[in-house]
Amino acid sequence: MAEREPVLVCTAWPYANGSLHVGHLAGVYVPADVFARYQRLRGHDVLMISGTDAHGTPVTVRADQEGTTPAEVAARYHAEFLTYWRDLGISYDLYTTTTTDNHREVVQDEFMMLLDKGFLYKDRSVGFFDTIAQRFLPDTYIEGECPHCHYARARGNQCENCGRLLEPEDLILPHSRLNPTATLERRETEHFYLDLPKLEKPLLDWARPMTHWRPNVYRFTINFLEGGLQPRAITRDLTWGVPLPPEVGPGWDDKRIYVWFEACSGYLTAAIEWAKLAGQPSAWERFWKDRTCRQYYFIGKDNIPFHTVIWPAILLGRGDVILPYDVPANEYMNMGGQKASKSAGVGTTVPALLSAFDPDAIRYYLIANAPETADTDYSEDDFIRRNNDELVATWGNLVHRTLSFLQRSFEGAVPDHVTDPEVAERIASARAAVEQQLDHVHLRAGLREALNLARFGNEWFDRQAPWRQVREDRAAANHTMGSLLDLINAAKVLFAPFLPHTSAALHGLLGYADPLEEIGWQFETLPGGRQLPPPKPLFRKLEVPAAEAA
Ligand SMILES: [Zn+2]
C-alpha cells in the first residue's frame, strides 16, 4: 500500500439561519463525506472538518425577524446541523462553530499577521446608513439590481445569479432588506481593507498550473484573476461577530471582522481546535504545513471566488501555510427547475428528507444524480425510481438472492473455492475504474462503476444458475456460490464510501468481526467453511405515491 498521505477535507460552513435543504447535501456534504471515507479506506491520514457559520448577517436577519438574539438562532441551528451529520453518517473529525474562543484567537492572530506584513490598511469609505434602524447596514442587508446581469435581488456583497462579487454601491437602486421603505443615507465610515491587488500576481502564479481543477472552477478563477483584483473591506459596522484584535487600538468596538474573512479562516481554526482536543496541539501542522498534504474544499458554485481567490490570498499573505489543492465545486441541485434557496424557502429540507428515507438511500440518490458538471433536478419520483430500480433491484437483489440461496442450500457455510477467473477479472477492473474516478473526485461515475459490478453479478448468477447446479453438479455450485460471495465482498468495499451503513451491515453478514474501516480497501476471498448469519435485506423498496401509480 502507498504511504499514508495527509488529506484535508473541508466543507463550506453553513449559515445558522435555517434548516439546510437537499441541494446543500447534494452539492457539498454528501460528496465531501464520500471522498473522505474513500481516502480513509485507502489508508490515508484524513482530517475532515467544518463548522457552523454563526456570524453571517443571514443569522442576524433571522434573529431580527424572530425578535431573538443571533446567539440563540446560531445555537439552535448548529444543534440541528449536528443531527444531520449523525443521521446521514457525515464523518467529520470535528464539526465546530465560529463562536469558540479558539476561533476568535486564531482569526485575530491572522488579522495581525496580515497587518504586520502590510496586506491590510485602513481607509475611509461611504457606508449605507439605515435611518430607521439608526445603523450602518452590512452588505448582505442591502439588495438591488445587479449591474452585470440585472438580476433584481442581488445582495450588496455578491450576485447569486451571475456569481460576481459586488460592493453595495455597485447595486442599481439599493434598498434595505429590513426596512424596504427606509431611506438609505451614504455616511462616511472607517474600515480595514485587504490589499488584494498586491496578491494578484502570486495568486495567478499559483492558480495557472491547477489544470486538474474542474473546468468551470478553473475558468472562473483564471478569468476572475485576469480581470484584476480590487481591495476588499474586511471589517464591518456590526456588533455580532469576531471583534478586532485589541492591538489595533480604540475606536473599533462597534465594528467586527467581516464574516467572509473569518469564516474562511475557520478551515484553519477548526484544524487547530481538533489538534487541541486530541491532546496533540501541533497535530494540525500535518494538514497545514506539510507540502505533501492535499487540501480539498467541497463547496457550491456560488462559493468559488472565496475558495480559489480570497482564501488563497489570505493564506499567501500569511506565508506560513499551504494552499488548497482542489476545489471540487458543484453546480446546483434544483427543485422542479427552480434554484433551491434557504431564504426563499424553496427546497426539500434535510429533516423532511431524513424522516422519509434511509440514510444510504439518500446518499445513493444524491450521488447518482450529483450536480457535478451541470445543474440537476431533485424529484421524489426520480428518487423512488432510482432507489427501486438501481439500489434495490440491482445491488440489494444480488446480495439478498446470494445470501438467501447460501442459507437454503449450503446451510450458510461458505464453500471451499477458488474465485472464478471471469469474476476475478471483473472485480479487478471495477476496482481500477472506481479508484480512477474517485481519485479525481468524479463521484457519480465512481458509483456507476460499482453498480456495474453488481449488475454483472446478477447476470453471472443467472448464467450459472446455481439452483440447477446444486442438484446436478455440487462442485460447480460450490464454485459459483464462492465466486459470487467474493464478488459481493468486493462490491461491499467499492460501495462503502457511498453507502457506509449498508456496507457495514453487509460486512457483518459476510461473517467479519472487525469493522470494515479497519480492514480498509482490501479485496479478499472469503475463506471456505466460514459460517454466515441469516441474511436481512439491506434496502427498502419504496412505494410509488398512489397518484403516479395509476
Ligand atoms: Zn449578476
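Start at 1 and go down the list; that is how both ligands and their atoms are numbered. What's counted below: heavy atoms across the whole structure, side chains too, no hydrogens, waters or symmetry copies. The structure displayed is predicted, hence computed values, not measured ones.
For a distance bound of 2.8 Å, the N, O or S atoms of His148 include none lying that close to the Zn ion (ligand 1). With 2.8 Å as the limit, Cys146 counts as an N, O or S neighbour of the Zn ion (ligand 1).
Vertex the Zn ion (ligand 1); arms to Cys162 SG and Cys159 SG; angle rounded to 10 degrees, 110°.
For Arg62 and Glu72, the salt-bridge test fails: no basic side-chain N is under 4.0 Å from an acidic carboxylate O. Contact check on Arg135 versus Asp237 returns no salt bridge, with no Lys/Arg side-chain nitrogen under 4.0 Å from an Asp/Glu carboxylate oxygen.
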**Request:** Evaluate the criterion salt bridge (charged side-chain N to carboxylate O under 4.0 Å, His left out) for residue pair Glu110 and Arg318; output intermediate values, then yes/no.
**Result:** CA-CA 7 Å; Glu110 187 163 84; Arg318 293 178 59 111; 2.7 Å; yes
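Under the 6.0 Å distance and 45° angle rule, Arg187 counts as a cation-pi partner of Phe129.
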